[in-house]
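Heads up, the thing below is written out as structure tokens.
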Amino acid sequence: MRDLVTIAAFAIAVAVLSSVLRSGVWTTFLMMALYAALLAQAWNLLGGYGGQFSFGHALFFGTGAYVQVLAQTQAGLNAWIALACAVASAAVVGTGVGALSFRYGLRGSYFALVTLAFAEVFRILAVTVGFTGGGVGVMLPLRESAANLQFASRQGAILVVLGFVVAGLLVTAWLRRSRFGAWLQAVRDNEDAARALGVDPLRVKLGAITLSAGFMGAGGAFYVQVFQYLDPNIAFGPATSVESLVAAIVGGIGTLWGPVLGALVLHALAEFTRNLFGDAPGLNMVIYGVVLILIVLFVPRGLSGVGRHVRAAWRPGRAG
Amino acid sequence: MLDVAILLPSFLNGVTTGAVYALIALGLTLIYGVLHIINFAHGAALMVALYAVYFLKNRAGIDPYLALPLVVAAMFALGYGLQRVVINRAGHGKDENILLVTLGLAIVLENLALLFFKSDTRTIETAYTLTTVAVGPATIALTKLVAFAGALAAATVLLWVVHRTDLGRAIRAVAKETQGARLMGIDVEHVYAMSFGIGLACVGAAACFLLPAYYVNPQVGSGFVLVAFTIVVLGGMGSFAGALLGGLLIGIVESLGGLFLGESLGQIGIFAIFIAVLLFRPQGLLGARP
């Protein structure tokens, strides 16, 4: 119940913020931070609650993005229907990859590498086959209207991505309370013990990767609607995979607010360094990398762990 | 199509490239075998070494092959220092943290290169760049032949160190049973750092053999690192003989795949093998069952 109240407060606060902000810089910042949060949440569903570290979440991102753009340009579907197709196909790809890798008991580093390889295969295929536009990429024609999921003002886009982030928060909150979530966390903590107690690890992990992939697909679809261009590197390149997992781990995996917090902090850091050192190529990313290492050095349990620690320290009568 | 005159050069090309792949993968598999981490900074380390070779040639006029001891020693020191000062401390004993740190290191190294050297692709000119050698009915670039022989020699040295020296015994002991090794008086942190250093030294040697026939830019490592992962998995994580065999095999697959399927789709053979091995024989071709 407390989770639901904080989620509602968060949603209202961001919605109000989006209508108050006038400067294009800040609305873009808010939109991109929410978008980064969505990707991190998607990764957290599988990596944080399922303990399965994926290195190829771009696979689901790219699937969603390509379905979103091709359903409109090739099949002539409405953007909202395309969105549903994008989420569904990403989820199906997730189930497929999960069925293959979990069936053969891949865990840990092996699972990370197989997801990385699947994303690479899709990237090479997207370059090679014709209907994706190959290496040249595809454009989504500009047709600004809410019915086309393209908005003249940033506020519309912010509300759409906020909707997904809130959905991600609700699913995460559900994972923390539901029977399925308990199974999933049991499998994460000790798969053999969970199996001994009658949990079916394969089914539970499949459920988690399907959910995770679906949200990642939504992120991909959102990306295309906003930037209206897609090529194989954007869709399936390792950058998106890295972005989603870094934000989730920095924020604190297996927590409700960690991915949102991590995405916000990292995005702010990236923007800040870009504004400060924009003219020197690479310098902003050097600082980003250094801060990333420092965070891991000094805040190994993620940023949301710091909040808990500070709260515990301030609570009177609970020393230690 | 299936003519020896076409297949043989492609095959030779694959074997020679594969030997360099194998050397890079040997470093990766050593680090994985001992520290149980996937070193995502491996490609960035290769990039650093390639730049070192490039500047030694262009600024100091040192031939890439003569620069070998220098680059290998420098990369070893870099690896030893990174493991001791950064990776070990940041790890806190958690895999995901070590992984993030190597990822962060890769980001830092690649972008430092971008900052200082810009994104230009650079090559070096040597007297023997265009020299070719006849092997049966095929001709092959001399640089590739030297790379092949050099990579195999470096791999032999590595295997000798691991199997015949006290350091190698300590490395194998830590890889098998860290706690037991510590109780026997082995300085585990030192062995970790030595392994990371040797892993990067392999990359340094690979860079010396690679650059005369290749190029360097800030992103050059990422192409190699995926191939190296494939080889490590193919050979069995932590298996040296497996990495050697896997490297040669992947080199040939890539070369023949490029011949039959074209440059971009040819790469897919590598990943098809990768996924198939992960799914059906995750312990690798020569690895023991976990």
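All values below were derived from every heavy atom in this structure, side-chain atoms included, with hydrogens, water molecules and symmetry-related copies excluded. Below, chain A is the first sequence line, B the second, and so on; all start at residue 1.
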### Message
So which residue, B:L109, B:L112, B:I37, ends up with the most heavy-atom pairs under 4.5 Å with chain A?
### Response
B:L112

### Query
What part of A:I287 gets closer than 4.5 Å to chain B, counting heavy atoms only: side chain, backbone, both or neither?
neither

### Query
Under a 4.5 Å heavy-atom cut-off, does chain B meet the side chain of A:I253, its backbone, both or neither?
side chain

### Message
Please rank B:V233, B:V108, B:V101, B:V86 by heavy-atom pairs under 4.5 Å with chain A and give me the top one.
### Response
B:V108

### Task
Mark yes when over 12 heavy atoms from residues, nucleotides or ligands other than A:R203 sit less than 6.0 Å from its CZ; otherwise mark no.
no

#### Entry: Contact class of A:L294 relative to chain B, heavy atoms under 4.5 angstrom
neither

### Task
Starting at CG of B:L114, measure out to CE of A:M285 and round the result to the nearest 0.5 Å.
10.0 Å

### Heavy-atom neighbours of B:K118 NZ exceed 12 at 6.0 Å
yes

### Task
Starting at CD1 of A:I249, measure out to CG of B:L100 and round the result to the nearest 0.5 Å.
4.0 Å

### Query
Which value, rounded to the nearest 0.5 Å, describes the distance between B:I107 atom CD1 and A:I293 atom CD1?
8.5 Å

### Message
For chain B, which candidate among A:L116, A:I124, A:L292 shows the most heavy-atom pairs at distances under 4.5 Å?
### Response
A:I124

#### Entry: Contacting region of B:F116 [heavy-atom separation from chain A under 4.5 Å]
neither

### Task
Would you name the heavy atoms of A:L113 and B:F274 that are closest together and state the gap between them?
O-CE2, 3.5 Å

### Query
Of the backbone (N, CA, C, O) and the side chain (C-beta and beyond), which part of A:F55 lies under 4.5 Å from a heavy atom of chain B, both, or neither?
side chain

